[in-house]
Amino acid sequence: MIQAVADEEERGALACNYTSVPNILKVLNPLFLDALPHTLAEAGANSRKLLNLRNRMAKIRVFDPACGSGNFLVIAYKEMRAIEARNQTSDAAKRISGANSSHEFSWHRIA
């Protein structure tokens with residue numbers, strides 16, 4: 001949004017920084033986003049593996065290195081939730097959903 005209303009010079013003067021979605025994914029994909037769907041596919045209907053994946057995802061911590069618009073955190077959250085949603089659609093995941101339904105991700109901005 002800030003990209004549309006402020007020119008580059010004004011954003012620089014105000015220290016309003018924005019990281020684009022492709023650039024965010026260049027960072028997050030190799031760190032963990034590329035591996036999670038593969039792990040989900042490998043788990044198949046194995047409830048133990050699905051639970052392990054859910055626990056692994058719950059331990060992932062994301063921080064916004066630029067403390068800019070927050071887009072880094074928003075995109076990371078959306079990508080993680082999309083993977084979690086695919087996990088929850090499997091029959092095995094539905095059976096274990098009560099076992100660990102109160103997990104959450106941590107999002108940190110460095111100030």
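Numbering starts at 1 and runs along the sequence shown.
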Just do the side-chain contact (heavy atoms from CB on, under 4.5 Å) check on Leu40 and Lys49 with the steps written out, would you? CA-CA 8 Å; Leu40 177 59; Lys49 288 182 179 182; over 6 Å; no
Contact summary for [X] and [Y], nearest pair of heavy atoms:
X     : Y     : result
Arg48 : Asn46 : N-OD1, 2.9 Å
Ala76 : Val62 : CB-CG1, 3.8 Å
Leu50 : Gly44 : CD1-O, 3.7 Å

How long is the gap from CE on Met57 to CG on Asn52, to the nearest 0.5 Å? 13.0 Å
What residues, two or more places apart in sequence or in another chain, satisfy side-chain contact (heavy atoms from CB on, under 4.5 Å) together with Leu25? Val21, Asn29, Leu33, Ile75, Glu79
Could you work out, with side-chain contact (heavy atoms from CB on, under 4.5 Å) as the rule, every residue matching Lys26, not counting sequence neighbours? Asn23
Intermediate values then yes/no, side-chain contact (heavy atoms from CB on, under 4.5 Å), Glu84 and Arg81: CA-CA 5 Å; Glu84 182 185 37; Arg81 293 297 292 189; 2.8 Å; yes
If we only count heavy atoms from C-beta on, is the Leu28 to Phe72 side-chain gap below 4.5 Å? yes
Non-hydrogen side-chain atoms of Ile60 and Leu31 separated by less than 4.5 Å: no
Would Thr39 and Phe32 count as a side-chain contact (heavy atoms from CB on, under 4.5 Å) here? Give the steps. CA-CA 11 Å; Thr39 305; Phe32 59 86; over 6 Å; no
Is there a path of hydrophobic side-chain contacts, each under 4.5 Å between heavy atoms of I, L, V, M, F, W or Y residues, that connects Val27 with Leu73? yes
